[in-house]
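First the structure, in the form of structure tokens, and then the observations on it.
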Amino acid sequence: MSINDCKSALEICVDSLSLLKNRPNTNRSILVATSNQQLACLTQLRIFTNSEGDSIATYALSLSEEGSFNWFRTHELHLHYCLFACRYEEALNIFEKASQHPKFESLGGAVRDNWQLYGGYLHLLAALGKIELAKVENVVGTFRYARLSNEIEVLAKDKQGMNIPLIFLPVVYHLVKGTFDTADISPESLEKYRKRYLDNDMNRRSAAFLNMLIAFAKRDYKSASAEKKIKKELEVLAREQPQVAGQTFAVEIIPYEDLWEMMIG
């Protein structure tokens, strides 16, 4: 999907909702699905003005039975919207509301995996000093990547999809904590992963970000040669930002540019 496709999709969502709302017999699930698509488009286009996404989420939730698939899906999309808008405390609050629901434990498959992944990234935000660790632990629990990666089953098989943020999570976490050298990760293994799974049109942003992480891991990201390389990769991120070339934008739990700024800030 290109940015133009997303803009068109957003316009279609807005027009469709306006039309469907005026029909007395419109199925609620259709209204919720259309609202959720609108929320996803706003996130990808990074339109955060006037709290439009919050209003859409509130509307979708008003039509959903609490604890239903649609109810959890709207919360998931709203959480992602808040992460892209750098509203990290609100993202944690949404996670708390969803995870405390009695039906949360019955979620399975990729849906369950997504929530676990979000929990891991909330811990990463705590490591980056953006949320209080005590608050995150109170909501998500203690961060143990080994357990997280073992419990995530569906996403782990999606080598060019949501497996990417699962792979990136411990890399960024250990780099931030200063424990990369003692972790079971090496720049060489990351290079192999990049060449095998990310060196393609669909994953250009992820490949560029991983190159930046490798430079960070080698501790030479402030050298003249590394700065030149990182500048090149940042240009890739800027150039490719509107394009996801068939890849779901959800691969980036937090935009790579934001993560990088937090890491070097």
Side-chain angles (χ1 to χ4, degrees), residues 1 40 43-44 69 72-73 75-77 79-81 83-84 91 95 98-99 104 107-125 127-128 140-141 143-177 179-180 183-217 233 236-237 240-241 243-260 262-263:
M1 181 184 289
T43 302
Q44 183 168 335
F69 173 84
F72 279 110
R73 179 60 177 158
H75 276 93
E76 182 184 331
L77 289 167
L79 187 155
H80 205 171
Y81 173 84
L83 288 177
F84 264 56
F95 188 99
S99 62
F104 183 77
L107 294 176
V111 177
R112 176 69 174 179
D113 288 355
N114 281 342
W115 282 102
Q116 289 182 300
L117 200 51
Y118 282 124
Y121 273 81
L122 288 169
H123 266 287
L124 177 58
L125 286 168
L128 287 160
V140 182
F143 178 62
R144 293 189 180 90
Y145 179 77
R147 184 179 68 185
L148 174 70
S149 61
N150 286 334
E151 291 179 351
I152 289 180
E153 298 177 355
V154 178
L155 301 188
K157 300 173 184 177
D158 184 14
K159 298 301 183 184
Q160 294 186 343
M162 293 302 286
N163 180 248
I164 296 171
L166 180 62
I167 294 292
F168 283 10
L169 177 58
V171 178
V172 180
Y173 185 85
H174 283 296
L175 289 174
V176 170
K177 299 292 285 185
T179 54
F180 185 85
D184 189 22
I185 311 169
S186 69
E188 293 73 26
S189 65
L190 296 177
E191 288 272 12
K192 289 180 181 178
Y193 175 81
R194 178 184 58 76
K195 290 177 181 178
R196 185 172 182 182
Y197 297 113
L198 304 183
D199 279 354
N200 51 65
D201 290 343
M202 186 169 63
N203 290 307
R204 282 179 184 165
R205 283 179 58 85
S206 295
F209 185 57
L210 186 54
N211 280 332
M212 294 160 68
L213 294 180
I214 292 169
F216 195 104
E233 303 300 354
V236 171
L237 292 183
E240 294 294 325
Q241 188 166 327
Q243 299 279 347
V244 286
Q247 180 62 282
T248 169
F249 76 98
V251 160
E252 295 181 47
I253 304 297
I254 299 169
Y256 293 146
E257 297 91 336
D258 292 353
L259 273 179
W260 183 255
M262 286 186 274
M263 288 177 67

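When a residue number appears, it is its place in the shown sequence, counting from 1.
Contact annotation: the side chain of I185 approaches that of V171 to within less than 4.5 Å [non-hydrogen atoms, C-beta and beyond]. Counting heavy atoms from C-beta on, the side chains of M262 and L125 come closer than 4.5 Å. Looking only at side-chain heavy atoms (C-beta outward), N163 and Y193 come within less than 4.5 Å of each other. In this structure, the side chains of E252 and Q44 stay at 4.5 Å or more apart for every pair of heavy atoms. By the 4.5 Å heavy-atom criterion applied to side chains, L166 and D113 are not counted as neighbours. Between N203 and F209, the closest side-chain pair of non-hydrogen atoms is not below 4.5 Å.
Separating the CG atom in L213 from the CD atom in E233 is a distance of 10.5 Å, to the nearest 0.5 Å. From D258, atom CG reaches atom CE of M263 across 13.0 Å, with rounding to the nearest 0.5 Å. Separation of atoms CG (L124) and NE2 (H174) is listed at 11.0 Å; rounding is to 0.5 Å. Summarising the geometry, atom CZ belonging to R205 is positioned 13.0 Å from atom CG belonging to L198; distances are rounded to the nearest 0.5 Å. Of the inter-residue distances, the one linking S186 atom OG with I214 atom CD1 reads 9.0 Å to the nearest 0.5 angstrom. Here the straight-line distance linking atom CG of L122 with atom CG of L83 works out to 6.5 Å at 0.5 Å rounding.
In terms of the side-chain hydrogen bond (donor to acceptor under 3.5 Å, both in side chains) criterion, residue partners of E76 (sequence neighbours excluded) are, by chain and number, R73, N114. Taking F69 as the reference, nothing meets the ring-ring contact (aromatic ring centres under 6.0 Å, His included) condition, with sequence neighbours excluded. Residues satisfying the salt bridge (charged side-chain N to carboxylate O under 4.0 Å, His left out) criterion with R204, sequence neighbours excluded, are D201, E240. With sequence neighbours excluded, the residues forming a ring-ring contact (aromatic ring centres under 6.0 Å, His included) with F72 are H101, listed by chain and number. With sequence neighbours left out, the ring-ring contact (aromatic ring centres under 6.0 Å, His included) criterion links Y81 to F48. Residues meeting the ring-ring contact (aromatic ring centres under 6.0 Å, His included) test with H75, sequence neighbours left out: W71.
What you find for F104 and R112 is that their closest heavy atoms are CE2-NH1, 3.0 Å. Closest approach of L117 to P165, counting heavy atoms only: CD2-CG, 3.7 Å. Closest of all the heavy-atom pairs between F180 and P187 is CE2-CD, 3.9 Å. Of all heavy-atom pairs spanning A207 and D199, the tightest one is CB-OD1, 4.0 Å. Taking each heavy atom of A208 and V236 in turn, the nearest pair found is CB-CG1, 3.8 Å. Nearest approach of G119 to F95, heavy atoms of both residues: N-CE1, 3.6 Å.
The aromatic rings of Y118 and H80 lie perpendicular to each other, with more than 60° between the two planes, well past the 30° mark. Ring-plane geometry between F216 and W260 is classed as perpendicular, the angle between the planes exceeding 60 degrees on a 0 to 90 degree scale with a lower cut at 30. Ring geometry for Y145 against F143 counts as tilted: the plane angle lies between 30° and 60°, on a 0 to 90° scale.
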>> side-chain contact (heavy atoms from CB on, under 4.5 Å) for F168 and I253? Distances and angles first, verdict last.
In response: CA-CA 10 Å; F168 283 10; I253 304 297; over 6 Å; no
> I164 and L210: side-chain contact (heavy atoms from CB on, under 4.5 Å), yes or no, with the steps?
Replying inline: CA-CA 10 Å; I164 296 171; L210 186 54; over 6 Å; no
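In this structure, a donor-acceptor pair under 3.5 Å is absent between the side chains of T179 and Y173.
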